[in-house]
Engineer: 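Below is a structure I'd like to ask you about.
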Amino acid sequence: SQESFIINDTLKKNIAFGIDEKLIDENKIENILDDVKLKDHFINDKDGMGTILNSQGSNISVGQKQRIGIARALYFEPDVLFLDEPTSSVDSKTELEILNTLKELSKSITIIMVSHKENLDFLGAKTLKLENSNITQIN
């Protein structure tokens, strides 16, 4: 989804969505938070993984919300990660952070990303352009 769904609950329950709290692997979450560049923000917070996120993430930035959505997907160890406009609502600095994270993650996970942006060549991935029902490879 272009917008990550956030529940009114702890950070760890938002990432390990649907897993019984007693079964949540906090070490795994900490590593994933590091991967998505959120570890310093949340782990250094006094509540850490117990930080309460408001419904729809009203108490975090859009970039943090999008990275929590990516963290949620990573918690379940996918072989393929499908992303729809993962940087659509963030500033250019946050976009670069997210894209660099995705570039790093693409070394171990297949990432398929849909974006209207054409300046993503630095990711080193195959880029396909869909226009007027035609698909062309850009790089």
Side-chain angles (χ1 to χ4, degrees):
S1 171
Q2 287 184 11
E3 188 171 329
S4 297
F5 179 74
I6 303 293
I7 59 172
N8 190 31
D9 211 329
T10 63
L11 172 66
K12 72 179 177 180
K13 288 181 93 177
N14 268 280
I15 292 174
F17 192 74
I19 302 294
D20 184 290
E21 188 164 12
K22 291 177 246 128
L23 302 175
I24 294 174
D25 184 339
E26 290 188 5
N27 289 327
K28 185 176 183 178
I29 290 178
E30 190 170 334
N31 290 333
I32 291 168
L33 287 172
D34 192 37
D35 288 343
V36 299
K37 309 300 183 249
L38 287 175
K39 183 177 178 180
D40 290 341
H41 179 79
F42 286 107
I43 299 304
N44 293 334
D45 183 72
K46 66 179 177 64
D47 295 321
M49 284 184 236
T51 300
I52 298 293
L53 304 181
N54 295 339
S55 288
Q56 300 309 311
S58 62
N59 62 332
I60 56 176
S61 73
V62 174
Q64 290 170 330
K65 188 175 173 180
Q66 287 179 308
R67 285 182 276 175
I68 288 169
I70 294 169
R72 179 182 298 145
L74 295 175
Y75 186 83
F76 295 96
E77 301 177 11
D79 293 322
V80 180
L81 184 59
F82 292 91
L83 300 171
D84 182 15
E85 299 281 358
T87 61
S88 62
S89 303
V90 298
D91 61 66
S92 58
K93 178 182 180 283
T94 303
E95 177 182 39
L96 190 58
E97 289 175 356
I98 291 171
L99 292 174
N100 282 324
T101 296
L102 294 174
K103 183 177 181 178
E104 221 21 65
L105 291 171
S106 71
K107 294 175 183 176
S108 59
I109 298 171
T110 299
I111 298 176
I112 298 173
M113 181 170 64
V114 176
S115 179
H116 287 92
K117 299 181 181 189
E118 294 185 18
N119 61 342
L120 303 177
D121 295 344
F122 81 93
L123 291 173
K126 289 183 182 176
T127 304
L128 304 175
K129 184 174 185 175
L130 174 62
E131 187 173 46
N132 298 325
S133 301
N134 294 313
I135 297 176
T136 55
Q137 185 169 332
I138 295 175
N139 60 351

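FYI, the numbering just counts along the sequence from 1.
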Engineer: Working to the nearest 0.5 angstrom, can you tell me the gap between Glu77 CD and Ser108 OG?
Structural biologist: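 Nearest 0.5 Å value for the CD-OG distance: 10.5 Å.
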Engineer: Around atom CG of Asp20, are there more than 12 heavy atoms from other residues, nucleotides or ligands closer than 6.0 Å?
Structural biologist: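 Above 12, so yes.
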Engineer: Restricting to salt bridge (Lys or Arg N to Asp or Glu O under 4.0 Å), what partner residues turn up for Lys37, sequence neighbours left out?
Structural biologist: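 Partners of Lys37 by the salt bridge (Lys or Arg N to Asp or Glu O under 4.0 Å) criterion come out as none, since no residue qualifies.
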Engineer: Got Ile68 and Leu53 here, is their nearest side-chain heavy-atom distance under 4.5 Å?
Structural biologist: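 With C-beta onward as the side chain, the pair touches.
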Engineer: Decide yes or no for Ile112 and Val80: does some side-chain heavy atom of the first lie under 4.5 Å from some side-chain heavy atom of the second?
Structural biologist: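 With C-beta onward as the side chain, the pair touches.
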Engineer: I need the Ile52 CD1 to Asn59 CG distance, nearest 0.5 Å.
Structural biologist: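 Going from the CD1 atom of Ile52 to the CG atom of Asn59 covers 9.0 Å.
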Engineer: Quick check on the hydrophobic clustering: are Ile98 and Val114 connected, directly or via other members, by side-chain heavy-atom contacts under 4.5 Å?
Structural biologist: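 No; tracing contacts between hydrophobic side chains, which count when under 4.5 Å, never links both residues.
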Engineer: Evaluate the side-chain proximity of Asp35 to Glu104: yes if any heavy-atom separation is below 4.5 Å, no if none is.
Structural biologist: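 Not touching, per the 4.5 Å side-chain cut-off.
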Engineer: Measure across Asn14 and Phe5 and return the closest heavy-atom pair with its distance rounded to 0.1 Å.
Structural biologist: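 The pair with the smallest heavy-atom distance is OD1-O, 4.3 Å.
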Engineer: Do you know which two heavy atoms are closest between Ser106 and Lys103, and how far apart they sit?
Structural biologist: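 Here Ser106 and Lys103 meet closest at OG-O, 2.6 Å.
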Engineer: Run the side chain to side chain donor-acceptor pair (under 3.5 Å) test against Asn8 and tell me which residues pass, sequence neighbours left out.
Structural biologist: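 Testing Asn8 for side chain to side chain donor-acceptor pair (under 3.5 Å), a comparison that skips the adjacent residues, returns none.
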Engineer: To the closest 0.5 Å, what do you measure between CE (Met49) and OG1 (Thr10)?
Structural biologist: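 Reported to 0.5 Å precision, the distance equals 10.0 Å.
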Engineer: Are any side-chain N or O atoms of Thr101 and backbone N or O atoms of Glu97, one a donor and one an acceptor, separated by less than 3.5 Å?
Structural biologist: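 Yes, the answer is positive, given that a donor and an acceptor are paired below the 3.5 Å cut-off.
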Engineer: Determine, stepwise, if the pair Asp91 / Glu95 fulfils side chain to side chain contact (heavy atoms under 4.5 Å, CB included).
Structural biologist: CA-CA 6 Å; Asp91 61 66; Glu95 177 182 39; over 6 Å; no
Engineer: Hey, could you give me the CZ/CD1 distance between Arg67 and Ile32, rounded to the nearest 0.5 Å?
Structural biologist: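 Going from CZ on Arg67 over to CD1 on Ile32, the span is 15.0 Å.
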Engineer: For the pair Leu130 and Asn134, evaluate side chain to side chain contact (heavy atoms under 4.5 Å, CB included) and give the outcome as yes or no after the intermediate values.
Structural biologist: CA-CA 6 Å; Leu130 174 62; Asn134 294 313; over 6 Å; no
Engineer: Do the non-hydrogen side-chain atoms of Ser55 and Ile6 ever get within less than 4.5 Å of each other?
Structural biologist: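 SC-SC contact between Ser55 and Ile6 ruled out.
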Engineer: Report yes or no: do Leu33 and Ile19 belong to one cluster of Ile/Leu/Val/Met/Phe/Trp/Tyr joined by side chain heavy-atom distances under 4.5 Å?
Structural biologist: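 Result: yes, single cluster for both.
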Engineer: Side-chain contact, heavy-atom cut-off 4.5 Å: Asn100 with Leu96?
Structural biologist: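 They are in contact (side-chain heavy atoms under 4.5 Å apart), so the answer is yes.
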Engineer: Compare all side-chain heavy atoms of Asp25 with those of Lys12 and state whether any distance is below 4.5 angstrom.
Structural biologist: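 Not touching, per the 4.5 Å side-chain cut-off.
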Engineer: Between Lys13 and Ile7, which heavy-atom pair has the shortest distance, and what is it?
Structural biologist: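 For Lys13 versus Ile7, the nearest heavy atoms are O-CD1, 4.4 Å.
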Engineer: Check side chain to side chain contact (heavy atoms under 4.5 Å, CB included) between Ile109 and all other residues, then give those that pass, not counting sequence neighbours.
Structural biologist: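 Leu74, Leu81, Ile111.
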Engineer: Do the side chains of Gln137 and Lys129 get nearer than 4.5 Å, heavy atoms only?
Structural biologist: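 SC-SC contact between Lys129 and Gln137 ruled out.
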Engineer: Before giving the answer on side chain to side chain contact (heavy atoms under 4.5 Å, CB included), spell out for Phe17 and Asp9 the whole-Å C-alpha distance, their side-chain angles and the decisive distance to 0.1 Å.
Structural biologist: CA-CA 10 Å; Phe17 192 74; Asp9 211 329; over 6 Å; no
Engineer: Test side chain to side chain contact (heavy atoms under 4.5 Å, CB included) on Ile70 and Leu102; report intermediate values, then the result.
Structural biologist: CA-CA 9 Å; Ile70 294 169; Leu102 294 174; 4.2 Å; yes
Engineer: Quick check for you: to the nearest 0.5 Å, what is the distance between Ile15 atom CD1 and Tyr75 atom OH?
Structural biologist: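 The OH atom of Tyr75 is 9.5 Å from CD1 of Ile15, to the nearest 0.5 Å.
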Engineer: When rounded to the nearest 0.5 angstrom, what distance separates CD in Glu30 from CG in Asp34?
Structural biologist: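 Taking CD in Glu30 and CG in Asp34, the distance rounds to 8.0 Å.
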Engineer: How close do Ser4 and Gly69 get, counting heavy atoms only, and between which atoms?
Structural biologist: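 What the structure gives for the nearest pair is OG-CA, 3.2 Å.
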Engineer: Do Phe76 and Ile29 belong to the same hydrophobic cluster, where Ile, Leu, Val, Met, Phe, Trp and Tyr are linked whenever their side-chain heavy atoms lie under 4.5 Å apart, directly or via other members?
Structural biologist: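 Yes: a chain of side-chain contacts under 4.5 Å links Phe76 to Ile29.
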Engineer: If we only count heavy atoms from C-beta on, is the Thr110 to Asp79 side-chain gap below 4.5 Å?
Structural biologist: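 A side-chain contact is absent here, since even the closest heavy-atom pair is not under 4.5 Å.
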